[in-house]
Amino acid sequence: MTLKLVVLGDSIAWGQGAAREQDRLAPRLVAALEARDLTVVSRVVAVPGARSRGLAAQVDAALPWGADVAVVVIGANDLTHLEPVGPAVQALSDAVRRLRAGGTEVVVAPAPDLSAVPHVPPFLRDVVRAAAEDLRSRQVAAVLAAGGRVGDPDHRASGAFARDPALFSADRFHPSSAGYAVIADAVLPAVLAATLDAAWRR
């Protein structure tokens, strides 16, 4: 079986900040799956700067390929651009439902805790954290209702970024290569579960 993996979402899904292409999220996930004796091909349709409302066009690009598993990373730009939460969550829900209807297992890594970003002033961190938690909790509920899985359900990646500034790249916003290793490790259990379901479906 050759597993088809597609990655949708924003600059984190795309891999901005990684020092090398192989350090980005998609190649790291492919490597982890291949280490488990799977044959994997991947595509990245993510767009740096994307917000949830941009997912519809990415799903349009992904569906004809017939991916077995989709990984969606979205939410950071909705937070930084103060996008209304309701429409953002609905756009994510619609994307998950469309991918599932097309026969693709879906794993979503929801909004990160941007209060860990180094250049966020200390007096704003509580506000930023609350906004991220609100968006994330609503994303999680919508993803599960739409038949998707949640990657990093215990916030492990956000906790690691809060503790270690070296996980950020030079722009102090996007992950570094080390940061992408943390993210890939956090979402991998859900990706593996999705892979098993995709294999059973075949």
Side-chain angles (χ1 to χ4, degrees), residues 4-18 21 23-30 42-65 67 69-102 104-114 116-117 119-120 128 131-143 146 148-152 157-158 161 168-169 171-177 179-180 182-184 186-187 190-191 194:
K4 290 184 174 182
L5 173 71
V6 66
V7 180
L8 306 87
D10 54 23
S11 54
I12 298 174
W14 186 84
Q16 188 169 343
E21 184 174 350
D23 293 339
R24 297 174 183 176
L25 181 60
R28 285 189 179 278
L29 290 174
V30 169
S42 68
R43 288 189 180 179
V44 177
V45 298
V47 177
R51 308 175 206 177
S52 294
R53 56 186 167 89
L55 287 174
Q58 295 184 28
V59 174
D60 289 343
L63 282 175
W65 191 48
V69 177
V71 174
V72 184
V73 183
I74 202 72
N77 294 311
D78 294 291
L79 291 167
T80 59
H81 290 83
L82 303 179
E83 291 282 341
V85 174
V89 171
Q90 186 61 55
L92 174 59
S93 175
D94 291 345
V96 175
R97 290 183 189 280
R98 289 180 62 202
L99 289 164
R100 294 291 294 119
T104 301
E105 298 292 329
V106 182
V107 175
V108 175
D113 179 6
L114 294 185
V117 172
H119 58 68
V120 172
V128 172
E133 288 179 353
D134 178 50
L135 175 57
R136 182 186 178 98
S137 65
R138 292 171 67 174
Q139 286 178 314
V140 167
V143 167
R149 288 181 172 81
V150 176
D152 191 18
S158 288
F161 276 79
F168 290 94
S169 64
D171 68 8
R172 303 175 73 209
F173 183 81
H174 294 96
S176 63
S177 291
Y180 280 107
V182 169
I183 295 169
V187 302
V191 173

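In this text the structure is predicted, and so the values were computed from the model without any measurement.
Among all heavy-atom pairs drawn from A116 and S158, the shortest one is CB-O, 4.5 Å. Residues E105 and A194 come closest through the heavy atom pair CG-O, 3.5 Å. Nearest heavy-atom pair across A109 and V187 is CB-CG1, 4.0 Å. Between L5 and W65, the shortest heavy-atom contact is O-CZ3, 3.4 Å. Taking each heavy atom of S52 and I74 in turn, the nearest pair found is OG-CG1, 3.5 Å. Minimum heavy-atom separation, P110 to G151: CD-O, 3.7 Å.
Here salt bridge (Lys or Arg N to Asp or Glu O under 4.0 Å) pairs that include residues 70-82, with residues two or more places apart or in two chains, number zero. Listed by first and then second residue, the salt bridge (Lys or Arg N to Asp or Glu O under 4.0 Å) pairs that reach into residues 54-65 are D60-R98, sequence neighbours excluded.
V45 is linked by a side-chain contact (heavy atoms from CB on, under 4.5 Å) to V6, L8, Q58, A61, A62, counting only residues two or more places apart in sequence or in another chain. For the side-chain contact (heavy atoms from CB on, under 4.5 Å) test, residues two or more places apart in sequence or in another chain that qualify with A132 are L79, D113. A search for side-chain hydrogen bond (donor to acceptor under 3.5 Å, both in side chains) contacts involving H81 returns R51, not counting sequence neighbours. Qualifying side-chain hydrogen bond (donor to acceptor under 3.5 Å, both in side chains) partners for S177, counting only residues two or more places apart in sequence or in other chains: D23. Residues satisfying the side-chain contact (heavy atoms from CB on, under 4.5 Å) criterion with A76, sequence neighbours excluded, are D10, P112, L114. R53 is linked by a side-chain hydrogen bond (donor to acceptor under 3.5 Å, both in side chains) to E83, counting only residues two or more places apart in sequence or in another chain. Contacts of S11 classified as side-chain hydrogen bond (donor to acceptor under 3.5 Å, both in side chains), with partners at least two apart in sequence or in another chain: H174. With sequence neighbours left out, A26 forms a side-chain contact (heavy atoms from CB on, under 4.5 Å) with V7, V44. Residues meeting the ring pair (Phe, Tyr, Trp, His ring centres under 6.0 Å) test with F168, sequence neighbours left out: F161.
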For residues 88-97, please give each side-chain donor-acceptor pair under 3.5 Å, one per line with the distance, not counting sequence neighbours.
residue, atom, partner, partner atom, Å
Q90, NE2, D94, OD1, 2.8
S93, OG, R97, NE, 3.4

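At least one side-chain heavy atom of P175 sits less than 4.5 Å from a side-chain heavy atom of I183. With a 4.5 Å cut-off on side-chain heavy atoms, L63 and L99 count as touching. Side chains of Y180 and R24 form no contact here, defined as non-hydrogen atoms less than 4.5 Å apart. Side-chain contact between Q139 and V108 is absent, with no heavy-atom pair separated by less than 4.5 Å.
Between the side chain of R100 and the backbone N or O of T104 there is at least one donor-acceptor pair closer than 3.5 Å.
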